[in-house]
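Here the structure comes first, spelled out in structure tokens, and everything after it is commentary.
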There are 2 protein chains.
Amino acid sequence: MDNRAAILAHALRLFAARGYDAVGVQEIVEAAGITKPTLYHYFGSKRGLLDTLLEGHFTPLHQSVKQAAAYNGDLPFTLEKVARAYFDYAKTHRAFYRMQLALWYTPQQSEAYQAVAPWNEKLHQVIEEMFTHAAEQHGNMRNRQRPYTATFLGMVNTYIGLALNDYTELDDPLIYQAVHQFMHGIFS
Amino acid sequence: MDNRAAILAHALRLFAARGYDAVGVQEIVEAAGITKPTLYHYFGSKRGLLDTLLEGHFTPLHQSVKQAAAYNGDLPFTLEKVARAYFDYAKTHRAFYRMQLALWYTPQQSEAYQAVAPWNEKLHQVIEEMFTHAAEQHGNMRNRQRPYTATFLGMVNTYIGLALNDYTELDDPLIYQAVHQFMHGIFS
DNA sequence: CAAATAATGTACCGATCGGTATACTATCGC
DNA sequence: GCGATAGTATACCGATCGGTACATTATTTG
């Protein structure tokens, strides 16, 4: 593994375990077995390192969710695909998702939130557009796309958080139950 | 307002806005218009200040939730009381709940998590006992108290997070809908 | 009033923070 | 082989980190 990849891997592990603010640059370079100028050569700053980490993981997650969110007239089916996209990514990149969950509720004025906010908005928009298409058929959903999106993503992240702490498992029955539950909340 | 109260108020505001790790002791004492030895006189350490903040808010929240969680044979009714206890506290102490939400998903090895973990466990236990009592009547709930508790608290915190960002309002219809939705998830 | 204690400020501590000036080495295109 | 560029280390920067020794001032208690 080259130095750049080593820095990214150790930074992700440390950020996920103790948080962005609590981990110093010195600790990262020591874990990666290199020195500070190497890190600054590749990433420019601690914030640049975080940005690179986020881009490297949010890009494929965004791609995957975008494909899953293509609306075909069947809302529960589409929501199941989206939930599955999230769950799959969380299962295969646990450290990243731990970090991303901490960033989800991190204070808005913190540096880490500034870094993650554009990605959250991007993903939020993908889901919201899906609800907008669905609202063309289900009239009573109109003008509720934003709270629906926020609620759905909140539910998805809640379940992933539970799974990361071994309270549940992100399998197909959970996907079905979660979507079923969400749909029931909408239409009642 | 005396100095001790001023320190607590400004620390809470800053922690909620930018996070525990990102806010330095110097910044807190400057905001409160005092100097460091005064802070250390009252709280001993930055961690002691956080502990005092948490105790001051979690004690009444715990009391309120405990009363609400007294099970009387009607599970939806009890869950509505519990959700209302949480929502009421979040509405009247927004800064605290912002901080508490960030701490909820904060990495387990961070100092802030160590401070909040005992309170989270205490509240978790109150809800879990309520589910245990309910399971004496609803046999199919037995041995699922832990995931139910985690899911219910996750849902409550999700809705509070949405409300703090103006995605929804923590009113009675939302309480009814949330509990209804949760019950539907259990019994289907 | 006197002694004790609580509350506060001045000035400082070593350690760590994120970041960099400079130089050396390795690699690559010509 | 040579110049350019990428990659890396040594050694350092000022600022801030959490925390404190010590003196002073209020306040309480006998």
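Chain A is the first sequence line, chain B the second, and so forth, proteins listed ahead of strands; every chain is numbered from 1.
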Contact letters for nucleotides 4-20 of chain C, in which S counts primed atoms plus P, OP1 and OP2 and B counts the base, heavy atoms under 4.0 Å: --SBBBB------SBBB
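Taking the six-membered ring for Trp and thresholds of 30 and 60 degrees, A/Phe131 and A/Tyr148 have ring planes inclined between 30 and 60 degrees apart.
Atom CD1 in A/Ile7 sits about 11 Å away from atom P in D/dG7, given to the nearest Å. Rounded to whole Å, the distance from CD on A/Glu30 to C1' on D/dA9 is 14 Å.
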Please list, one pair per line, the donor and acceptor atoms closer than 3.5 Å that link side chains of residues 58-71 of chain B to other protein atoms, with sequence neighbours excluded.
unit_1  : atom_1 : unit_2   : atom_2 : d
B/Thr59 : OG1    : B/Glu55  : O      : 2.6
B/Tyr71 : OH     : B/Gly73  : O      : 3.3
B/Tyr71 : OH     : B/Gln137 : OE1    : 2.9

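For A/Arg84 (side chain) and A/Ile175 (main-chain N/O), no donor-acceptor pair under 3.5 Å exists by modelled atom type.
Note on residues 101-111 of chain A: pairs passing side chain to side chain donor-acceptor pair (under 3.5 Å), not counting sequence neighbours, are A/Tyr20-A/Glu111, A/Gln108-B/Asn165.
In summary, the side chains of B/Asn157 and B/Tyr97 do present a donor paired with an acceptor at a separation below 3.5 Å, with no hydrogens or angles considered.
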